[in-house]
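Every chain is numbered from 1 and lettered A, B, ... according to where its sequence line falls, protein lines coming before strand lines.
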There are 2 protein chains.
Amino acid sequence: MRWLAFRFFQVPNGRRQILNFLLPGDLFSTVAVFEERLHFSAQTLTEARLSGFGRAEIKARWADNPRMTAALAKSSAAEAYNADGLMIALGQRSAEERIAYLFLHLIQRISTRSVIRDQRYRLPLRQQHIADAVGLTPVHVSRVISLFRDRGLIEFSGGVLQVLNLPELSRIGSLDY
Amino acid sequence: MRWLAFRFFQVPNGRRQILNFLLPGDLFSTVAVFEERLHFSAQTLTEARLSGFGRAEIKARWADNPRMTAALAKSSAAEAYNADGLMIALGQRSAEERIAYLFLHLIQRISTRSVIRDQRYRLPLRQQHIADAVGLTPVHVSRVISLFRDRGLIEFSGGVLQVLNLPELSRIGSLDY
DNA sequence: CGATCGGTTGATATGAATCAACGTGCGTGG
DNA sequence: CCACGCACGTTGATTCATATCAACCGATCG
């Protein structure tokens, strides 16, 4: 991954929820195109390269530009789809399932963007970020990842994820829907 | 509320996550306008009145109809906003907070649609639905609602929610963002 | 070379799940 | 019209998954 960022909400009680991760080529937020005031924040995990568009400019060009319209619709649909997946994970699934789900989700998105060798993915996250994304504590994330490591499913350290047993990881994390 | 429905995903393990509730006037799903295959299901809680639109028809009229474009954009933004709220609730908040949040969210949406008397809201849900929406068991939902009742915050039975202490309910459930 | 950060590990605490029993209202069929 | 069954909710006892608290370790960095 060339760079990585995330969108999150800081909860008054001190916790935060990571709402999604942003990868190269992602629209930062489809809603942001239409809404002036945003309820969330965003932060990069690496150096990142952003392109900005004026809201007025987009709106002006949008009506007569079917390709832009289609791109926005597609981005919006993907956001909704991903949000549904995370809600399902957070609401109904165990710690192991959530973490496996997150890894699977990320490696799938990364795979559409770059060629992957030996199932190694650059994923510059700390366990804290995983915890904030899947609604667990960093301590518990550490335990689950250790468990995965002991079972030979993955290696994860130094910002690199290596998948060693994809079928089993999928069995745990996938919803296959 | 004249009628009520919800959008949900059936998890292979037998649980289900309610992704959102649909109220009169809501677009069923913005994504459904563009995508052929949907990953979720929907169900009504009461008799409901639906209007259908052909996907082709919408697409054809969409380019040259700025009002429709705006309506879709607005609906899509609201969906994303609500999804963020639920992800935050599911990921970071306690059982009491989640349930208070859900009630607040629903009464707010209902209030924009009908005139409310005496803080009484028709809300034809079973505790099972609340449980499926906020990621708890029906048993625990029952306990929390009893607690709220004992503290004089709400009454909830027979499909009617009566709010008795809105400030306190808000203090518990609101994120005030 | 000490300090800080991220991760690991162990002990204990706790919120919510699970298991189970019971109550109540309601619809249905005898 | 009664009796039974069923859906829904309540309540108590217990279990379990994850949080919390705390100590420690290794790497990195000023």
From [atom1] of [X] over to [atom2] of [N], roughly how many Å is that when rounded to an integer?
X: His140(B); N: dT14(C); atom1: NE2; atom2: P; result: 15 Å
X: Gln127(A); N: dG6(C); atom1: CD; atom2: C1'; result: 8 Å
X: Arg126(B); N: dT10(D); atom1: CZ; atom2: P; result: 13 Å
X: His129(A); N: dG7(C); atom1: NE2; atom2: C1'; result: 14 Å
X: Gln128(B); N: dT10(D); atom1: CD; atom2: C1'; result: 15 Å
X: Glu96(A); N: dC16(D); atom1: CD; atom2: C1'; result: 14 Å
X: Leu161(B); N: dG9(D); atom1: CG; atom2: C1'; result: 17 Å
X: Glu155(B); N: dG9(D); atom1: CD; atom2: C1'; result: 14 Å

Any base atoms under 4.0 Å from [X], or only sugar-phosphate, or nothing? Heavy atoms, all strands.
X: Gly159(B); result: nothing
X: Ser146(A); result: sugar-phosphate
X: Ile145(B); result: nothing
X: Arg15(A); result: sugar-phosphate
X: Arg149(B); result: sugar-phosphate

Side chain to side chain contact (heavy atoms under 4.5 Å, CB included) partner of Phe21(B), the single match among Asn82(B), Asp26(B), Leu102(B):
Leu102(B)
Checking side chain to side chain contact (heavy atoms under 4.5 Å, CB included) against Leu164(B), which of Glu155(B), Arg151(B), Gln119(B) comes through?
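Only one of Glu155(B), Arg151(B), Gln119(B) forms a side chain to side chain contact (heavy atoms under 4.5 Å, CB included) with Leu164(B), namely Glu155(B).
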Would you say that Leu106(B) contacts Leu125(B) through its side chain, given a criterion of any heavy-atom pair below 4.5 Å between the two side chains?
yes
Is Leu19(A) close to Phe40(A) at the side-chain level, that is, under 4.5 Å between some pair of heavy atoms?
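Answer yes - side chains close enough.
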Output yes when at least one side-chain N/O atom of Ser94(A) is less than 4.0 Å from OP1 or OP2 of dA17(D), else no.
no
Taking 4.0 Å as the cut-off, does a side-chain nitrogen or oxygen of Ser142(A) come that near to OP1 or OP2 on dT8(C)?
yes
Where does the angle between the aromatic ring planes of His105(B) and Tyr101(B) fall among parallel (under 30°), tilted (30 to 60°) and perpendicular (over 60°)?
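The rings of His105(B) and Tyr101(B) lie parallel, inter-plane angle below 30°.
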Specify whether Phe103(A) and Phe156(A) have parallel, tilted or perpendicular ring planes, treating 30° as the upper limit for parallel and 60° as the lower limit for perpendicular.
tilted
Are the side chain of Ser170(B) and the backbone N or O of Leu166(B) linked by a donor-acceptor pair below 3.5 Å?
yes
Compute the angle between the rotation axes at the two ends of the helix from dC1(C)-dG30(D) to dG30(C)-dC1(D), each taken over five pairs, rounded to 10 degrees.
30°
Modelled atom types, side-chain donor and acceptor of Gln10(B) and Arg16(B), under 3.5 Å
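No.
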Side-chain H-bond candidate by donor/acceptor type, Glu79(B) with Tyr81(B), under 3.5 Å
no
Identify all pairs in which a protein N or O lies below 3.5 Å from an N or O of nucleotides 11-13 of chain C, and state each distance.
{"from": "dA11(C)", "atom 1": "N6", "to": "Arg143(A)", "atom 2": "NH2", "distance (Å)": "3.0"}

Take atom CD in Gln108(B); do more than 12 heavy atoms of anything else shown fall under 6.0 Å from it?
no
